[in-house]
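Have a look at the structure below, then the notes.
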Amino acid sequence: MKRRGINYNTKDFKKVYRKARTTDIEKWITSVEKENPTMYKAREIAAKLNLKMKINDVEYQGDDTKAIFYYTADERIDFRELIKLLADDFKTRIEMRQIGVRQEASRLGGLGSCGRELCCCTWLTNFNSVTTNAARIQQLSLNPQKLAGQCGKLKCLPQL
């Protein structure tokens, strides 16, 4: 909580109105099950519109009223037509969020070169920029293939 700047001494916590009922849990489960087919369908629609973007993940709200599409793109994209088509197809509110390649690797997960789960998936929350000076200080070889992580960027400081 300290890292995110949340003061736990205040009384500004969100209220819990009631415990989740079985219908709430069933609705949440059905929305989670819809995420992967929705992502594949959205990728098809984006490809038909010739948008240079990669839809990485879809996340439905628990009450199935809104879908958040996470995407990566190298340049600015006009996806107004995509949002219209997605809203017509899935009958829900659509929100698009652009994420970086490191956040993409964090969301998708995987194993690092050390054989353990990626640091950004487990405990690493902020992504500081890393330069080749960090590798020089640690007297590592400056081979780009050894210094690049799964996201294609320089490995995070703890992994170097």
Side-chain angles (χ1 to χ4, degrees), residues 1-8 12-130 145 148-159:
M1 292 178 77
K2 285 180 186 177
R3 192 178 301 148
R4 297 194 185 249
I6 298 171
N7 186 0
Y8 51 87
D12 295 338
F13 290 107
K14 294 186 178 186
K15 292 182 181 179
V16 176
Y17 292 106
R18 61 179 168 83
K19 285 176 78 174
R21 299 183 186 132
T22 54
T23 56
D24 297 330
I25 295 170
E26 290 168 358
K27 194 172 195 179
W28 174 73
I29 289 172
T30 57
S31 67
V32 168
E33 289 171 349
K34 287 183 357 182
E35 288 176 354
N36 276 341
T38 302
M39 181 180 61
Y40 297 133
K41 181 73 173 169
R43 284 179 180 173
E44 290 175 11
I45 294 171
K48 285 180 187 173
L49 293 174
N50 293 325
L51 296 176
K52 291 182 174 66
M53 64 187 295
K54 178 182 175 188
I55 298 176
N56 300 317
D57 199 11
V58 177
E59 185 178 279
Y60 275 95
Q61 278 189 342
D63 57 355
D64 213 13
T65 57
K66 183 167 84 170
I68 303 171
F69 289 80
Y70 296 94
Y71 71 96
T72 53
D74 292 333
E75 54 199 42
R76 194 165 172 83
I77 294 177
D78 183 18
F79 47 74
R80 288 178 287 193
E81 187 65 30
L82 175 66
I83 290 177
K84 288 178 190 173
L85 292 174
L86 292 176
D88 288 342
D89 209 18
F90 301 122
K91 307 286 189 258
T92 187
R93 289 185 316 163
I94 305 296
E95 183 179 324
M96 303 291 288
R97 288 197 186 156
Q98 185 172 6
I99 59 174
V101 288
R102 284 196 170 154
Q103 287 83 6
E104 176 189 2
S106 170
R107 289 191 69 80
L108 298 178
L111 297 177
S113 56
C114 59
R116 298 171 63 192
E117 192 174 0
L118 293 174
C119 297
C120 56
C121 295
T122 52
W123 60 272
L124 189 63
T125 56
N126 57 344
F127 300 104
N128 297 329
S129 61
V130 182
Q145 281 117 3
Q150 287 185 330
C151 59
K153 300 269 187 186
L154 287 176
K155 287 184 183 177
C156 306
L157 283 173
Q159 292 180 334

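Every heavy atom of this structure was used, including side-chain atoms; hydrogens, water molecules and symmetry mates were not.
Under the side-chain contact (heavy atoms from CB on, under 4.5 Å) criterion, T72 pairs with K54, N56, I99, E104, not counting sequence neighbours. For E81, the side-chain contact (heavy atoms from CB on, under 4.5 Å) criterion is met by L49, K84, L85, not counting sequence neighbours. Partners of D89 by side chain to side chain donor-acceptor pair (under 3.5 Å), not counting sequence neighbours: none found. In this view, D63 and Q61, T65 satisfy the side-chain contact (heavy atoms from CB on, under 4.5 Å) rule, not counting sequence neighbours. Partners of D78 according to the salt bridge (Lys or Arg N to Asp or Glu O under 4.0 Å) rule, which considers only residues two or more places apart in sequence or in another chain, are R80. With sequence neighbours excluded, the residues forming a side chain to side chain donor-acceptor pair (under 3.5 Å) with Y60 are T38, listed by chain and number. Applying the salt bridge (Lys or Arg N to Asp or Glu O under 4.0 Å) rule to R18 yields the partners D24; only residues at least two apart in sequence or on another chain are considered. Residues forming a ring pair (Phe, Tyr, Trp, His ring centres under 6.0 Å) with Y71 (at least two apart in sequence, or on another chain): F79. Residues that satisfy the salt bridge (Lys or Arg N to Asp or Glu O under 4.0 Å) test with R97, not counting sequence neighbours, are E95. Legend: residues meeting salt bridge (Lys or Arg N to Asp or Glu O under 4.0 Å) with K27, ordered by chain and number and at least two apart, are absent.
Annotation: ring pair (Phe, Tyr, Trp, His ring centres under 6.0 Å) contacts involving residues 82-105, sequence neighbours excluded, are absent. Sorted by first and then second residue, the side-chain hydrogen bond (donor to acceptor under 3.5 Å, both in side chains) pairs involving residues 28-37 (not counting sequence neighbours) are K34-D64.
How far CZ of F69 is from CE of M53: 9.5 Å, rounded to the nearest 0.5 Å. Between I55 atom CD1 and L86 atom CG the span is 6.5 Å, to the nearest 0.5 Å.
Side-chain contact between L82 and M96 is present, with at least one heavy-atom pair separated by less than 4.5 Å. The side-chain heavy atoms of D74 and K52, taken from C-beta on, include no pair separated by under 4.5 Å.
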